[in-house]
There are 2 protein chains.
Amino acid sequence: MKTKESKIPEATIKRLSTYINCLERLQAENNPVTSSEMLGESCQVSPAQIRKDLSYFGEFGVRGVGYDTKKLEGEIKEILGLNHNWPTTVVGVGKLGQALLNFAFFSKHGFRIIAAFDSDENKIGNEIAHGVTILPTTEIEKTVKNEKITIGIITTPADSAQEVADKLVAGGIKGLLNFAPIKVKVPEIITLRNVSITSELDNLAYLLTQKKR
Amino acid sequence: MKTKESKIPEATIKRLSTYINCLERLQAENNPVTSSEMLGESCQVSPAQIRKDLSYFGEFGVRGVGYDTKKLEGEIKEILGLNHNWPTTVVGVGKLGQALLNFAFFSKHGFRIIAAFDSDENKIGNEIAHGVTILPTTEIEKTVKNEKITIGIITTPADSAQEVADKLVAGGIKGLLNFAPIKVKVPEIITLRNVSITSELDNLAYLLTQKKR
DNA sequence: GCAACAATGTGATAACTCTCACAGGATCGT
DNA sequence: ACGATCCTGTGAGAGTTATCACATTGTTGC
Ligand SMILES: NC(=O)c1ccc[n+]([C@@H]2O[C@H](COP(=O)([O-])OP(=O)(O)OC[C@H]3O[C@@H](n4cnc5c(N)ncnc54)[C@H](O)[C@@H]3O)[C@@H](O)[C@H]2O)c1
Ligand SMILES: NC(=O)c1ccc[n+]([C@@H]2O[C@H](COP(=O)([O-])OP(=O)(O)OC[C@H]3O[C@@H](n4cnc5c(N)ncnc54)[C@H](O)[C@@H]3O)[C@@H](O)[C@H]2O)c1
């Protein structure tokens, strides 16, 4: 896979992720081959945008024909690094944490849930999917280190997020996905993404307010 | 196609939403006044970006001083339309739907959960927060119409999302937030946002893969 | 009252992202 | 074998968003 060293738009990465979904659907609908137009129709992105996005990483189609859906899905997963096996942990097994843990998506995209942590004594010891039990937060550093966990998902309340992040970092975590509504601070080497589900709702409210005018 | 009048970056709206969080935190930490620098530090946005974002909507600060945290929070909520009272419904009360329903954020941002729907007979009739019981999906159109519900949140599996969206639209919904990993199609007048939580994880995997090189 | 200071608001500019149009390569029918 | 047709890949340009620099304006101390 050749990666041209020009900078790749973040929006492109986000779209690549959605292309995977659409390609799966197209396969399920018996399309061994698709065009940028068909794929664009399926995921509501312009055909030109799709071709440009892919062109950052190489040539995956056949001119005059289109893309092999299965192969392209594999290529995109390779680009995104989803063919690795990412040892992952979730800290804060509340409502949102449980929703995430339950989600079949994980295994399909190469994320393997190795451990889960919570500070609630009543939850500790409970078994969640795949023979993983909830551990106390005192075990975070040790477990992350021993199991070589690379990705940490934070779904604790906001006022615990920084403390949890620190523990994960101490254990040697590589990447963090933070769902708590606070920007946690971590060393430069850590890859951090703050996810704000709620801003989507706010955004919707804004758009609706605009339309009224 | 429309909204030619407003050339406000989508990214700006997203940031405004995070500013609210940060302003709340600053208030909790006894800062009646803040500067764009302090706020920027708090939510990891450059001071210039914050000032530019706000400048699209007016002048909210005092030169040489800064911003009144409480007042600015109110102004941003006004801009985003969060001071309205948005009658809202959730369709698909599974893991994710429950996580959302439980979330205190709603009332604070002006979203009022009026109804919830599910196709699972075992769930119908169950009471969720605030005296709202889960209704069968056959009631969607009628309820949306009668209760004047304006915002619909879709948290069903992907293969039900379009059908659910159609019912909500038939009832006269104004805005839709779709969490299912499929792009639903709705008439132009409906404001639609597709939310992809999973793409954040994919994105993290990508960033980690890049760093290895 | 005024100078020194602090932090906003904004035009100019740089950086980034998307769109368009078409050249280039592949396939098919005759 | 070759022209017609199809769809990709991409450079150039348009459009959008972020950054910078500073003029502006309110505050404080003397
Ligand atoms: N629920 C949603 O839809 C939603 C949406 C967006 C963001 N969020 C954010 O996600 C986070 C979790 O939300 P939730 O609804 O699941 O809340 P929740 O209260 O259901 O779950 C929080 C969990 O974290 C655990 N916890 C608390 N302190 C901890 C600590 N120091 N270490 C480890 N675990 C700890 C609690 O025991 C609990 O199990 C919150 O920050 C919330 O703002 C939630
Ligand atoms: N759980 C997550 O963390 C997560 C993250 C991102 C996206 N999603 C997406 O959100 C959706 C829900 O995820 P989940 O984990 O809550 O799944 P879930 O299976 O726990 O919940 C789905 C719910 O929808 C109901 N349902 C099914 N068909 C319906 C219909 N036609 N009308 C009304 N209700 C119907 C089911 O009875 C169930 O209660 C899925 O599309 C999933 O891909 C989930």
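Numbered from 1 within each chain, the chains take letters A, B, ... in sequence-line order.
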**Asked** Rounded to whole angstroms, how far apart are CG on Asp68(B) and P on dA7(C)?
**Response** 16 Å
**Fill in**
Rounded to whole Å, CG of Asp53(B) lies from C1' of dT10(C) at a distance of 13 Å
**Request:** Check the distance between dT19(D)'s P and Tyr56(B)'s OH and give it to me in whole angstrom.
**Result:** 11 Å
**Asked** Would Lys211(B) and Thr191(A) count as having a side-chain donor-acceptor pair, cut-off 3.5 Å?
**Response** yes
**Asked** Is it true that Glu10(B) and Arg193(B) make a salt bridge, defined as a side-chain N closer than 4.0 Å to a carboxylate O?
**Response** yes
**Complete:** Ordered by number, residues from residues 10-20 of chain A within less than 4.0 Å of DNA chain D (heavy atoms) are none
**Asked** Should the pair Glu41(B)-Lys185(A) be classified as a salt bridge under the 4.0 Å nitrogen-to-oxygen rule?
**Response** yes
**Request:** Starting at atom OH of Tyr67(B), determine the distance to atom C1' of dA6(C), rounded to an integer number of angstrom.
**Result:** 13 Å
**Asked** Can Asp166(A) and Gln162(A) be counted as having a side-chain donor-acceptor contact under 3.5 angstrom?
**Response** yes
**Message:** Could you tell me how far apart Gln44(B) (CD) and dA18(D) (P) are, to the nearest whole angstrom?
**Reply:** 16 Å
**Request:** Rounded to the nearest angstrom, tell me the gap between atom CZ in Phe60(A) and atom C1' in dG9(D).
**Result:** 12 Å
Extract from the structure each pairing of a protein N or O with an N or O of nucleotides 20-29 of chain D at less than 3.5 Å, listing the distance.
residue: dT24(D); atom: O2; partner: Arg63(B); partner atom: NH1; Å: 2.7

**Message:** Quiz question: by atom type and distance under 3.5 Å, do the side chains of Ser196(B) and Lys14(A) form a donor-acceptor pair?
**Reply:** no
**Request:** Calculate, to the nearest 0.5 Å, the distance between atoms CD1 and CZ belonging to Ile76(B) and Phe57(B) respectively.
**Result:** 9.5 Å
**Prompt:** Where along residues 28-39 of chain A does a heavy atom come under 4.0 Å from DNA chain C, residue by residue in number order?
**Reply:** none
**Asked** Out of dG9(D), dG9(C), dT17(C), which nucleotide sits closest to the side chain of Glu59(A)?
**Response** dG9(D)
**Message:** Looking at every heavy atom in both Ile151(A) and Ile173(A), which two are closest together, and how far apart are they?
**Reply:** C-CD1, 3.7 Å
**Request:** Determine the sole option in Lys77(A), Lys71(A), Lys70(A) for which the salt bridge (charged side-chain N to carboxylate O under 4.0 Å, His left out) test with Glu73(A) is passed.
**Result:** Lys77(A)
**Whole-Å distance separating the CD atom of Gln49(B) from the P atom of dA15(C)** = 16 Å
**Message:** Please give me the minimum heavy-atom distance between Leu177(B) and Leu201(A), naming the atom from each residue.
**Reply:** CD2-CG, 3.6 Å
**Asked** Cut-off 3.5 Å, side chains only: do Thr12(A) and Asp53(A) have a donor facing an acceptor?
**Response** yes
**Message:** Could you check whether Lys167(B) pairs with Glu163(B) (Lys NZ or Arg NE/NH1/NH2 to Asp/Glu carboxylate O, under 4.0 Å)?
**Reply:** yes
**Message:** Measure CD1/Ile50(A) against P/dC20(C) and give the value in whole Å, please.
**Reply:** 14 Å
**Request:** Between Pro9(A) and Ser55(B), name the one whose nearest nucleotide on DNA chain C is closer to the 5' end.
**Result:** Ser55(B)
